[in-house]
*Asks:* 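First, the structure itself, so that you have it in front of you.
Only this structure's heavy atoms are used, side chains among them; waters, hydrogens and symmetry mates stay out.
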Amino acid sequence: MTERLTPGDPAPEFTLPTDNGDTLTLKDLRGRKVILYVYPAAMTPGCTTQACDFRDSLGSLQAAGYEVVGISPDVPAKLAKFRERDAITFPLVSDQDKSVLTAYGAFGEKQMYGKTVTGVIRSTFVIDEDGAIEHAFYNVKATGHVAKLRRDLGID
């Protein structure tokens, strides 16, 4: 079983390539609150719904002091197509070897259609300004998750 993060844990550091050819490190975001959300695959129906929900809520999330970053095992070129196709306005980072996903407890065994499989576990992490986990949500639903997250964070 993959180890899960809990509030107060240090958020695992990362340096990953982005959809636009840059690299993003968690350290670069220190001093800001970060919503790091994990999704299995760009340009699939559920992941598109979730990304568009974050895109549509970005203004209010940023007004409340949060930066949003999406992470998946997709290659940067696929992430760039995803960003272009759906007008995603926040960074998407690529974790092809799944080492960061594993460190966050977001890659491992999960239930899919009644079977146990190994894969990406749709998750969301709220990281505070000092780099500690404030909230860790595992096995979230693609639809409605952003609205629930906003309620949990007291936004709107």
Side-chain angles (χ1 to χ4, degrees), residues 2 4-5 11-29 32-108 110-113 117-128 131 133-156:
T2 304
R4 295 194 165 184
L5 298 174
E13 288 295 336
F14 62 80
T15 300
L16 294 170
T18 69
D19 57 309
N20 67 7
D22 292 337
T23 58
L24 181 76
T25 69
L26 186 57
K27 241 178 232 156
D28 291 342
L29 300 171
R32 292 179 268 175
K33 295 183 276 188
V34 177
I35 295 170
L36 178 68
Y37 85 95
V38 176
Y39 60 98
M43 305 210 294
T44 57
C47 296
T48 298
T49 296
Q50 189 177 25
C52 291
D53 282 353
F54 272 113
R55 176 201 65 205
D56 295 346
S57 291
L58 192 61
S60 62
L61 291 169
Q62 287 179 330
Y66 292 93
E67 297 294 325
V68 175
V69 177
I71 180 173
S72 77
D74 295 305
V75 298
K78 185 174 181 186
L79 296 177
K81 285 182 187 168
F82 188 35
R83 176 179 36 84
E84 287 296 315
R85 186 191 78 176
D86 294 299
I88 306 299
T89 52
F90 51 83
L92 300 173
V93 296
S94 169
D95 181 26
Q96 288 178 263
D97 70 4
K98 303 171 191 79
S99 61
V100 175
L101 296 173
T102 300
Y104 276 83
F107 184 81
K110 64 180 185 174
Q111 293 295 311
M112 190 174 214
Y113 306 113
V117 298
T118 300
V120 175
I121 300 164
R122 191 181 304 275
S123 309
T124 300
F125 305 93
V126 179
I127 303 166
D128 72 15
I133 297 293
E134 204 169 272
H135 299 281
F137 303 100
Y138 291 94
N139 297 308
V140 302
K141 303 277 184 235
T143 303
H145 173 63
V146 175
K148 181 184 181 321
L149 179 64
R150 288 164 52 122
R151 283 191 304 274
D152 289 350
L153 297 176
I155 299 170
D156 300 339

*Asks:* Do you know the tightest heavy-atom contact between P76 and Q96?
*Replies:*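 Scanning both residues, the minimum pair turns out to be CD-OE1, 4.0 Å.
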*Asks:* What distance separates T143 OG1 from D53 CG, expressed to the nearest 0.5 Å?
*Replies:*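 Rounded to the nearest 0.5 Å, the OG1-CG separation comes out at 7.0 Å.
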*Asks:* So how far is it from T49 OG1 to K141 NZ, rounded to the nearest 0.5 Å?
*Replies:*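 The distance works out to 14.0 Å.
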*Asks:* Report yes if the side chains of S72 and V120 come closer than 4.5 Å at any heavy-atom pair, otherwise no.
*Replies:*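 No, their side chains stay 4.5 Å or more apart.
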*Asks:* Could you give the distance from OG1 (T48) to CD1 (I88), rounded to the nearest 0.5 Å?
*Replies:*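 Spacing of OG1 (T48) from CD1 (I88) equals 7.5 Å.
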*Asks:* Please find the pair of heavy atoms, one from T23 and one from T18, that lie closest to each other, and give the distance.
*Replies:*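 Where T23 meets T18 most closely, the heavy atoms are C-CG2, 4.0 Å.
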*Asks:* Under the criterion side-chain contact (heavy atoms from CB on, under 4.5 Å), I'd like the reasoning laid out for F82 against Y39: C-alpha separation, chi angles, the key distance, then a yes or no.
*Replies:* CA-CA 13 Å; F82 188 35; Y39 60 98; 4.0 Å; yes
*Asks:* Y104 side chain to P12 main-chain N or O, any donor-acceptor pair under 3.5 Å?
*Replies:*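 Between the backbone of P12 and the side chain of Y104 there is a qualifying donor-acceptor contact (under 3.5 Å).
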*Asks:* R55 and A87: which non-hydrogen atoms are nearest, and at how many Å?
*Replies:*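 It is CD-O, 3.0 Å.
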*Asks:* To the nearest 0.5 Å, tell me how far Q111 CD sits from N139 CG.
*Replies:*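 Here the interatomic distance stands at 9.5 Å.
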*Asks:* Less than 4.5 Å apart, side chain to side chain, heavy atoms only: is that true for Y37 and L149?
*Replies:*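 The answer is no; the side chains never approach within 4.5 Å.
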*Asks:* Distance from R4 atom CZ to I121 atom CD1, nearest 0.5 Å?
*Replies:*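 CD1 of I121 is found 5.5 Å from CZ of R4.
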*Asks:* Say whether, by atom type as modelled, one donor and one acceptor occur between the side chain of R83 and the main chain of L92 under 3.5 angstrom.
*Replies:*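 Checked: no pair found.
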*Asks:* Less than 4.5 Å apart, side chain to side chain, heavy atoms only: is that true for F125 and V34?
*Replies:*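 They are not in side-chain contact.
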*Asks:* Take D95 and F107 through the side-chain contact (heavy atoms from CB on, under 4.5 Å) test and state the conclusion after the steps.
*Replies:* CA-CA 11 Å; D95 181 26; F107 184 81; over 6 Å; no
*Asks:* Go through it in stages, so that I can follow the logic: the residues are F14 and I71, the test is side-chain contact (heavy atoms from CB on, under 4.5 Å), and I'd like the CA-CA distance, side-chain angles, deciding distance and then a yes or no.
*Replies:* CA-CA 11 Å; F14 62 80; I71 180 173; 5.6 Å; no
*Asks:* At their closest point, which heavy atom of F137 faces which heavy atom of V126, and how far apart are they?
*Replies:*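 Nearest heavy atoms, F137 then V126: CE1-CG2, 4.4 Å.
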*Asks:* Using every non-hydrogen atom in the two residues, find where P91 and V68 come nearest and quote the distance to one decimal.
*Replies:*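 Scanning both residues, the minimum pair turns out to be CD-O, 3.4 Å.
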*Asks:* Can you confirm whether T124 sits close enough to H145 that some side-chain heavy atom of one is under 4.5 Å from a side-chain heavy atom of the other?
*Replies:*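 Yes, at least one pair of side-chain atoms sits under 4.5 Å.
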*Asks:* Would you say the side chain of I133 lies within less than 4.5 Å of the side chain of I127, judging by non-hydrogen atoms?
*Replies:*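 A side-chain contact under 4.5 Å exists here.
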*Asks:* Give me the atom names and distance for the closest heavy-atom approach of E134 to D128.
*Replies:*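 Closest heavy-atom pair between E134 and D128: OE1-CB, 3.4 Å.
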*Asks:* With a 4.5 Å limit on heavy-atom distance, are the side chains of T25 and E13 in contact?
*Replies:*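 Counting from C-beta outward, T25 and E13 never come under 4.5 Å.
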*Asks:* Are any of the side-chain heavy atoms of L153 and Y66 separated by less than 4.5 Å?
*Replies:*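 Yes - at least one pair of side-chain heavy atoms lies under 4.5 Å apart.
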*Asks:* Are there over 12 heavy-atom neighbours, none belonging to K33, within less than 6.0 Å of that residue's NZ?
*Replies:*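 Counting neighbours around NZ of K33, more than 12 heavy atoms of other residues, nucleotides or ligands fall under 6.0 Å, so yes.
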*Asks:* Roughly how far apart are D28 CG and E67 CD, rounded to 0.5 Å?
*Replies:*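 So the CG of D28 and the CD of E67 are separated by 11.5 Å.
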*Asks:* Side chains of D74 and M43, heavy atoms from C-beta outward: is any pair under 4.5 Å?
*Replies:*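 No, every pair of side-chain atoms sits at 4.5 Å or beyond.
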